[in-house]
Amino acid sequence: MEERKAVEKSALDIRKVRESFPMLQKKRNGKQLIYFDSAASTQKPKVVMDKLYDFYLNEYAKPDERHAFSQETTEELENARKKMAGFLNAKSEKDIVFTRGCTEAINLVAGGFERGLLDKEDEVLISALEHHANIVPWQLACAQTGARLRVIPINQQGEIELAAYEVMLTKKVKIVAISHTSHALGNKLPITQMVAMAHKRGIPVLVDGAQAAPHMPVDMQELDCDFYTFSCHKMGSPSGVGVLYGKKKWLDKLPPYEGGGDMTKEVTFSSHKLAALPKKFEAGTMPFAEIISCSTLIDFLDDLGRTKTEEYEQQVLRYATGRLQALDRVRIHGTSGEKEPVLSFEVDGMDVKKLEGFLSDEYNIAVKAGDLSAQPLLKILGVKALIRASFAYYNTEEEVDIFTGAVEEFIRRKG
Ligand code: PMP
């Protein structure tokens with residue numbers, strides 16, 4: 001009761017929120033879109049796309065030139081960087097490197113480690129929960145250097161085995177790369193504790209925040225991780241923008257993995273001098289229009305209130321969990337503890353890919369089914385495929401009712 005009151009006091013104006021997202025009004029065969037695939041990519045608020053459109057049509061110029069529109073672009077770009085630093089409570093905007101996505105941000109760090117910070121006796125630790133994007137870059141780095149990739153184990157609820165992690169943190173470990181929250185199961189990892197444990201031994205930590213930054217306030221100074229990565233298209237921006245936060249001491253040490261224009265101070269045929277941070281990592285023409293539109297996105301999210309959107313999403317998650325748990329033959333995977341608004345489940349004896357198709361074709365409900373880019377995790381859990389409903393602050397309990405009704409109908413009709 002207390003909990004419900006707290007939520008009501010800070011309730012979002014959900015009708016207004018939904019009006020900000022034109023895609024949510026779309027219908028197919030008379031059925032309104034129910035978008036439960038936000039962990040893959042979110043829908044876009046109109047203000048953000050208006051900014052992008054306006055920039056391209058009325059303000060467009062590449063940054064870093066002398067002409068007037070270019071100077072304005074440069075200013076807007078640097079403002080976006082400052083705003084992103086504020087969004088993450090980073091110490092300085094120089095700690096913010098823009099990338100083309102979370103995948104590129106992780107590859108940037110793994111590629112940098114491969115070029116001088118990893119050797120053949122070394123180890124890299126990842127967890128069993130990771131997305132392929134936080135596995136394969138490290139496999140590539142290890143293959144090049146001869147270093148060993150080790151995996152922090154989990155239990156059947158997908159919770160990290162902290163005692164095993166403690167034992168694995170030896171002098172050989174050069175970096176720990178773990179997700180903040182699991183994209184496949186929703187589990188929140190005990191990240192502050194895991195960072196502190198690694199730091200006690202002087203080991204840096206990269207946190208893949210692709211599924212955390214869109215859902216809760218993230219504070220780099222409090223988290224104290226050395227690198228933090230995410231994709232802005234999973235929180236409302238156009239595609240093609242990602243962020244790598246890095247502590248200055250690590251960004252200084254890390255060699256760039258990509259060369260090109262704009263990341264150097266001086267170039268001769270035999271050598272080059274790197275530009276200062278963060279430019280040394282931003283080779284070539286960046287998606288500057290999309291980055292600038294992220295400024296508008298952060299204003300939009302700030303206006304909604306991050307604590308409010310988080311509380312609202314948790315309320316939808318609790319409601320959906322209760323409704324799904326009540327269905328026969330449905331088995332939800334993942335922790336019963338704290339999690340992000342993600343529900344991944346199996347339906348006993350049924351093909352979840354067929355359920356995914358049924359939900360789309362009959363109800364215009366978008367979810368994701370399959371290996372969820374977590375094949376090693378699914379192997380540990382002993383499942384071939386999962387179906388994932390992932391929520392955002394623009395979803396409603398009424399949508400959950402239609403969704404669970406549709407799942408129930410599928411089981412009845414096809415079972
Ligand atoms: N890490 C996690 C945890 C993710 O969920 C994703 C996207 N599903 C990524 C990394 C990769 O993000 P992107 O494809 O936007 O680079």
Side-chain angles (χ1 to χ4, degrees), residues 52 55-56 59-67 69-88 90-117 133 137 141 206-210 213 220 225-235 237-267 271-298:
L52 187 71
F55 177 81
Y56 272 120
E59 301 174 32
Y60 187 79
K62 196 171 179 279
D64 299 324
E65 316 279 358
R66 169 61 187 85
H67 50 87
F69 279 112
S70 171
Q71 291 196 348
E72 282 169 23
T73 301
T74 309
E75 206 171 297
E76 282 201 81
L77 196 53
E78 289 319 307
N79 274 340
R81 199 186 299 279
K82 278 192 196 124
K83 219 171 256 182
M84 194 54 83
F87 180 77
L88 296 171
K91 272 195 186 141
S92 158
E93 66 268 22
K94 295 198 177 105
D95 303 341
I96 306 297
V97 177
F98 283 113
T99 66
R100 293 163 187 92
C102 185
T103 301
E104 190 187 44
I106 297 170
N107 275 282
L108 192 160
V109 179
F113 266 73
E114 181 187 315
R115 284 160 176 75
L117 301 176
L206 175 145
V207 178
D208 172 356
M220 292 305 107
C225 58
D226 304 276
F227 302 102
Y228 195 87
T229 61
F230 57 97
S231 285
C232 298
H233 72 89
K234 290 183 195 284
M235 46 192 242
S237 92
S239 53
V241 187
V243 173
L244 165 67
Y245 156 85
K247 276 186 186 164
K248 183 177 179 327
K249 70 169 180 185
W250 279 106
L251 292 182
D252 276 337
K253 241 185 254 186
L254 195 72
Y257 90 119
E258 244 189 343
D262 299 331
M263 50 80 78
T264 48
K265 270 201 291 234
E266 210 179 289
V267 181
S271 67
H272 60 265
K273 281 195 184 128
L274 292 172
L277 287 176
K279 292 279 187 190
K280 102 179 194 198
F281 294 111
E282 294 179 354
T285 303
M286 296 296 291
F288 51 90
E290 288 72 10
I291 294 171
I292 286 170
S293 74
C294 286
S295 236
T296 310
L297 171 67
I298 292 173

**OP:** Quick one: do Lys265 and Leu274 satisfy side chain to side chain contact (heavy atoms under 4.5 Å, CB included)? Show the steps, please.
**Re:** CA-CA 6 Å; Lys265 270 201 291 234; Leu274 292 172; over 6 Å; no

Subject >> Full working for side chain to side chain contact (heavy atoms under 4.5 Å, CB included) between Met220 and Cys225 >> reply: CA-CA 7 Å; Met220 292 305 107; Cys225 58; 4.1 Å; yes

At their closest point, which heavy atom of [X] faces which heavy atom of [Y], and how far apart are they?
X	Y	value
Glu282	Phe98	OE2-N, 2.7 Å
Ser239	His233	CA-CB, 3.8 Å
Ser70	Lys62	OG-O, 2.7 Å
Leu254	Phe281	O-CZ, 3.3 Å
Cys232	Val243	SG-CG2, 4.0 Å
Ala110	Ala141	O-CB, 3.7 Å

Residue pair [X] / [Y], side-chain heavy-atom distance below 4.5 Å:
X	Y	result
Tyr245	Phe230	no
Leu244	Leu251	yes
Ile106	Asp208	yes

Quick check: does any side chain N or O of [X] sit under 3.5 Å from a backbone N or O of [Y], one acting as donor and the other as acceptor?
X	Y	value
Gln71	Arg66	yes
Thr74	Asp64	yes
Ser271	Val267	no

Original post:
side chain to side chain contact (heavy atoms under 4.5 Å, CB included) between Lys273 and Thr264: does it pass, once the steps are laid out?
Top reply: CA-CA 6 Å; Lys273 281 195 184 128; Thr264 48; over 6 Å; no

Original post:
Taking only residues two or more places apart in sequence or in another chain, which ones pass salt bridge (Lys or Arg N to Asp or Glu O under 4.0 Å) with Lys247?
Top reply: Asp224, Asp226

Original post:
Below 4.0 angstrom, N of the basic side chain to O of the carboxylate: do Glu76 and Arg81 qualify?
Top reply: no

**OP:** Take Lys82 and Glu93 through the test side chain to side chain contact (heavy atoms under 4.5 Å, CB included) and record every step on the way to the result.
**Re:** CA-CA 5 Å; Lys82 278 192 196 124; Glu93 66 268 22; 3.6 Å; yes

Original post:
Quick check, are the ring centers of Tyr257 and Phe113 under 6.0 angstrom apart?
Top reply: no

